[in-house]
Number of protein chains: 2
Amino acid sequence: MYTLSEENYLKAIYRLSQEKGQKITPKGISDVLGNNPASVVDMIRKLAEKQLIDYDKKKGVRLTIQGEKNAVLIVRKHRLWEVFLLEKLGYQWDEIHNIAEELEHIKDDTLADRLDKFLEFPEYDPHGDPIPKANGKVPKSYSVTLANLKEGTRCRVAAVRDTSSTFLQYLLKLDIGINTTIQLIEKIPFDSSLVISIGGKDKTTVSQKFGENILVDGI
Amino acid sequence: MYTLSEENYLKAIYRLSQEKGQKITPKGISDVLGNNPASVVDMIRKLAEKQLIDYDKKKGVRLTIQGEKNAVLIVRKHRLWEVFLLEKLGYQWDEIHNIAEELEHIKDDTLADRLDKFLEFPEYDPHGDPIPKANGKVPKSYSVTLANLKEGTRCRVAAVRDTSSTFLQYLLKLDIGINTTIQLIEKIPFDSSLVISIGGKDKTTVSQKFGENILVDGI
DNA sequence: TTATATAATTAGATAAGACTAATTATATAA
DNA sequence: TTATATAATTAGTCTTATCTAATTATATAA
Ligand SMILES: [Mn+2]
Ligand SMILES: [Mn+2]
Ligand SMILES: [Mn+2]
Ligand SMILES: [Mn+2]
């Protein structure tokens, strides 16, 4: 098994590989983890030696099959623990990420599957992110944002893109959670602010940045 | 908060302080943790600097109030997680200790109390060890062993002293668990072997060492 | 194309926590 | 009491994971 640091790097690289299109660079990883680029270069060398990634100046960092398998398992554990913390221990959705950040590293061969079963095989975590299945398959993730919608459209909140507690607490205050219905009433041309109705209630105005961090689904 | 190593040392020292009478030495800690005595001496210095222990050549190592508070909390978390693993995730009692050894270090102010509530405030862990309460109070631990009993006595298995998987698996095989009723039928004078009846069934013979590792309660 | 900014890499330092080997203390036995 | 075994301590080494500072490479703009 791998160290806590190795696992966190794998997860960061996996995350970057999901934002497809761009190549994964030391700088990119450094930004995600908040580590110094020099440290990242060291770890890239180490992970490449262990055959968890390939590194090529041109192509950037790529997870190997082994590396991806491991990364997916860590993400699976992270998201399952988040469900546990919210549903069984009564935490709120802005409190769970940091705890899951530690829990995801607990090592036991059957733990993830047992937890999965105990939680009755949830497909999405409390932030709407897909929970990889035991076989490695990942349920579909949402990609349409509230800001993408046409005026007048009603939608269901499916996930949040930003999972910082600042954003999540703001959503709690606005009474927005997963499955909340939102109607986009108007887009203000000046700054792309959005006038919305939350769960059928009165109008509220939110910023474009806000709208880009809410992932939605048809109703 | 403290590092994983510091916490493991605190817990080891706490454990030794429960086996009262003896003073706690570097050698003793070294034996519990399997670390080199030189490493132990380093850590003793560090913990003393942080005022978690006092160290005196004559008196040996003593936990300070702060140190004990921390140690008890780690033990509390360890035992609560053990209950969780057994009752909620369906592990057997020989599989849970090592996982709890990692889980006990998860850092969050409200986690232990939430877990306690979720588990409905258990008083003893799956090995019969008392779970410290939120206020630091520790339920009574058992101290009479099966080997202590007079011939003829019936008792309830309250706890096990040895929690190695070898011993626990042996007990599974013998159909002995917490709350099993055992009657001590005969003590063999030659080697102090014990002839017992487990749960009212046929006679079995076990060693003295075995009997010393079963803690019992009146019926 | 040349200058400049940004990124990648190397070299060297540091801290934590472990180890081995050597030394000094202390306890136990002859 | 003296010899011997055991324990405690010190000194120095190693590994992991980080950092800073310096250097080299690459991309971008003038
Ligand atoms: Mn993590
Ligand atoms: Mn999440
Ligand atoms: Mn531990
Ligand atoms: Mn236990």
Side-chain angles (χ1 to χ4, degrees), chain A residues 1-13 16-17 19 21-63 67 70-71 74 101-102 104-107, chain B residues 1-14 16-17 19 21-63 67 70-71 74 98 101-102 104-107:
Chain A
M1 264 304 148
Y2 304 103
T3 67
L4 186 132
S5 271
E6 288 168 344
E7 291 193 344
N8 283 335
Y9 273 94
L10 284 179
K11 198 159 59 99
I13 294 166
L16 288 167
S17 76
E19 301 166 8
Q22 331 226 35
K23 81 174 189 188
I24 299 166
T25 61
K27 175 69 163 59
I29 299 169
S30 156
D31 287 342
V32 169
L33 291 176
N35 281 344
N36 190 288
S39 314
V40 175
V41 169
D42 280 347
M43 187 55 92
I44 285 176
R45 194 167 293 125
K46 197 175 154 198
L47 294 176
E49 260 161 33
K50 298 197 176 183
Q51 317 228 34
L52 294 166
I53 60 173
D54 291 317
Y55 182 45
D56 177 296
K57 208 74 117 356
K58 293 258 172 65
K59 296 178 184 167
V61 176
R62 298 262 176 92
L63 288 168
N70 279 281
I74 302 159
E101 203 58 49
E102 295 182 45
E104 70 192 4
H105 303 289
I106 302 293
K107 274 154 194 64
Chain B
M1 265 302 150
Y2 304 103
T3 67
L4 185 133
S5 271
E6 288 168 343
E7 290 193 345
N8 282 336
Y9 274 93
L10 283 179
K11 199 158 60 100
I13 294 165
Y14 177 74
L16 288 167
S17 76
E19 300 166 9
Q22 331 226 37
K23 82 174 185 186
I24 299 166
T25 61
K27 174 71 164 58
I29 298 170
S30 157
D31 288 342
V32 169
L33 291 177
N35 281 344
N36 191 289
S39 314
V40 175
V41 169
D42 280 348
M43 186 57 91
I44 284 175
R45 196 167 293 124
K46 195 176 154 196
L47 294 175
E49 259 162 33
K50 297 197 177 187
Q51 319 228 32
L52 293 166
I53 60 173
D54 291 318
Y55 182 43
D56 178 294
K57 207 74 125 338
K58 293 259 171 65
K59 297 177 184 165
V61 175
R62 299 263 176 92
L63 288 168
N70 279 280
I74 302 161
N98 290 332
E101 203 58 49
E102 296 182 44
E104 72 193 2
H105 303 289
I106 301 293
K107 271 150 196 68

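Heavy atoms only: backbone and side chains are in, while hydrogens, waters and symmetry mates are out. Chain letters run A, B, ... following the sequence lines, proteins first, then strands; residues in each count from 1.
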Gap between atoms [atom1] and [atom2], on [X] and [N] respectively (whole Å):
{"X": "B:Leu33", "N": "C:dA18", "atom1": "CG", "atom2": "P", "result": "8 Å"}
{"X": "B:Asp31", "N": "D:dT6", "atom1": "CG", "atom2": "P", "result": "13 Å"}
{"X": "B:Glu49", "N": "C:dA15", "atom1": "CD", "atom2": "P", "result": "13 Å"}
{"X": "A:Leu47", "N": "D:dT16", "atom1": "CG", "atom2": "C1'", "result": "13 Å"}
{"X": "A:Asp42", "N": "D:dT16", "atom1": "CG", "atom2": "P", "result": "12 Å"}
{"X": "A:Met43", "N": "C:dA8", "atom1": "CE", "atom2": "P", "result": "17 Å"}
{"X": "A:Lys27", "N": "C:dA5", "atom1": "NZ", "atom2": "P", "result": "16 Å"}
{"X": "A:Ile44", "N": "C:dT10", "atom1": "CD1", "atom2": "C1'", "result": "14 Å"}

Min side-chain heavy-atom separation B:Tyr14-B:Ile74 under 4.5 Å: no
Phosphate OP1/OP2 of [N] contacted by [X] side-chain N/O (<4.0 Å):
{"X": "A:Tyr2", "N": "D:dT16", "result": "no"}
{"X": "A:Ser5", "N": "D:dT18", "result": "yes"}
{"X": "B:Arg45", "N": "D:dT10", "result": "yes"}
{"X": "B:Tyr9", "N": "C:dA16", "result": "no"}

Paired with [N]: which nucleotide, if any, by Watson-Crick or G-U wobble criteria at under 3.5 Å for both distances?
{"N": "D:dT13", "answer": "C:dA18"}
{"N": "C:dA13", "answer": "D:dT18"}
{"N": "D:dA27", "answer": "C:dT4"}

Just do the side-chain contact (heavy atoms from CB on, under 4.5 Å) check on A:Tyr9 and A:Ile53 with the steps written out, would you? CA-CA 10 Å; A:Tyr9 273 94; A:Ile53 60 173; over 6 Å; no
Pick the closest DNA chain C nucleotide for B:Lys23 and for A:Lys23 by heavy atoms, then say which residue is nearer the 5' end.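 Nearer the 5' end of the strand: A:Lys23.
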With a 3.5 Å distance limit and no angle check, can you tell me whether [X] reaches the backbone of [Y] through a side-chain donor-acceptor pair?
{"X": "A:Lys107", "Y": "A:His105", "result": "yes"}
{"X": "B:Lys50", "Y": "B:Gly67", "result": "no"}
{"X": "A:Lys27", "Y": "A:Pro37", "result": "no"}

Contact class for B:Asn35 vs. all strands (heavy atom < 4.0 Å): base, sugar-phosphate, or nothing?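 Since only primed, P, OP1 and OP2 atoms lie under 4.0 Å of B:Asn35, the category is sugar-phosphate.
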Closest to the A:Ala38 side chain: D:dA21, C:dA8, C:dA21? D:dA21
Of A:Lys57 and A:Ser39, the one whose closest DNA chain D nucleotide lies more 5':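 Closer to the 5' end of DNA chain D: A:Ser39.
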